[in-house]
Amino acid sequence: MIALLLLNFVLMAFDAREITSGQRVIRAWTQTAADFVQSPVTTITASVSNYFTSISTLRSAQSENDILKQRIQELEVEVKQKEDLTSENQRLSSLLQLKETSKYKVLTARIIGRDPSVWFDSSIINRGSLDGVLLNMPVVTDGGLVGRVTAVSPLTAQVDLVTYSKSGLGGIIGQIGESSALGVVVGTSKKDLLEMKYVPGSIEVQVGQTVFTTGQDGIFPPGLKVGEIVDIVTGSATTPHVIQIRPAAKLNSMQEVGILLYEPPPRAEFEQKLPNAVPSTTKKK
């Protein structure tokens, strides 16, 4: 009896319809109940889908970012290579101009090392006795005097820079024949500083003037640019000036140099007998 009543109730509910729309009531209730389940499921599904979509997008963006970083590095390398080639081309052009304008035959050389015992004061070049390099030959750049050859092997040579503390040369402030400001230029073992001594204090000198070689040292030919005066401790009628000079050649950054195949004129016989005279056998091979 109860079962029949329940079955009758279900059939009546199933067949019941809304007055306004005519839609079955049980269908509306079912849709309403389904919304309570469908809405959270849809939200969770959308969140999960968005999560994995975000991860995929992030990985794609990371990959593109890596590609862009690699491309930027490649471009930086290309720019650096072009800058190096441009710089090398300018240096080689300067050396070529030096060879064309120099009064002496110039042998170009590349710096291949530094002497660790006197770092910044000595360099090794890739030219030796097989190329005609001899002891004491002057070494220059297009800027000015670098130093002199102090050791020679068949394939390489050592060059002591003008900044070496034991180096020295005859110098003149201004052009030869137009100035009487003679002195001796010595190294200070500082990167970019020379010192000129024995210039009479009675002679007026100024910062910015250029110092050249005189050729009186018997090693360097006259007229090579040594550097520019940057500081003066003014002397007097009885004391000489003490003059600081900045080398004309860029000693710290040079990579190529020119060797002047220059041999000074023979010294007088009495000069060769002096205790500090350079033996003539070391200059000719």
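Reckoned from all heavy atoms, side chains included, excluding hydrogens, waters and symmetry mates. Note that the structure is predicted; figures quoted are calculated from it, not measured.
Side-chain contact between Glu195 and Val242 is present, with at least one heavy-atom pair separated by less than 4.5 Å. In this structure, Pro222 and Thr214 have side chains that are not in contact, with every pair of non-hydrogen atoms separated by 4.5 Å or more.
Val139 and Val186 fall into different hydrophobic clusters, where Ile, Leu, Val, Met, Phe, Trp and Tyr residues are linked whenever their side-chain heavy atoms come under 4.5 Å apart, directly or through other members. Taking hydrophobic clusters as Ile, Leu, Val, Met, Phe, Trp and Tyr residues chained together by side-chain heavy-atom distances below 4.5 Å, Val133 shares a cluster with Met254.
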Could you pull out all donor-acceptor pairs under 3.5 Å where a side-chain atom in residues 78-86 meets a protein atom, sequence neighbours excluded?
unit_1	atom_1	unit_2	atom_2	d
Lys80	NZ	Asp84	OD1	2.8
Lys80	NZ	Asp84	OD2	3.1
Thr86	OG1	Lys82	O	2.8

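Panel note: side chain Ser54, backbone Asn50; a donor-acceptor pair is recorded below 3.5 Å. Judged by distance alone, the side chain of Ser93 and the main-chain N or O of Asn89 form a donor-acceptor pair under 3.5 Å.
The side-chain contact (heavy atoms from CB on, under 4.5 Å) search around Val230 returns Leu193, Gln244, Arg246, not counting sequence neighbours.
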- Evaluate side chain to side chain contact (heavy atoms under 4.5 Å, CB included) for Gln175 paired with Ser179, printing each intermediate quantity in order. CA-CA 6 Å; Gln175 297 291 341; Ser179 170; over 6 Å; no
- Where do Gln97 and Asp142 land on the side chain to side chain contact (heavy atoms under 4.5 Å, CB included) test, with the steps shown first? CA-CA 8 Å; Gln97 184 177 7; Asp142 62 312; over 6 Å; no
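Legend: ring-ring contact (aromatic ring centres under 6.0 Å, His included) pairs involving residues 230-253, not counting sequence neighbours: none detected.
For the side-chain contact (heavy atoms from CB on, under 4.5 Å) with Met196, the qualifying choice from Ile173, Leu169, Val184 is Ile173, the only one to do so. Considering Thr213, Asp121, Thr188, Leu251 in turn, Leu251 is the only one that fulfils the side-chain contact (heavy atoms from CB on, under 4.5 Å) rule with Val162.
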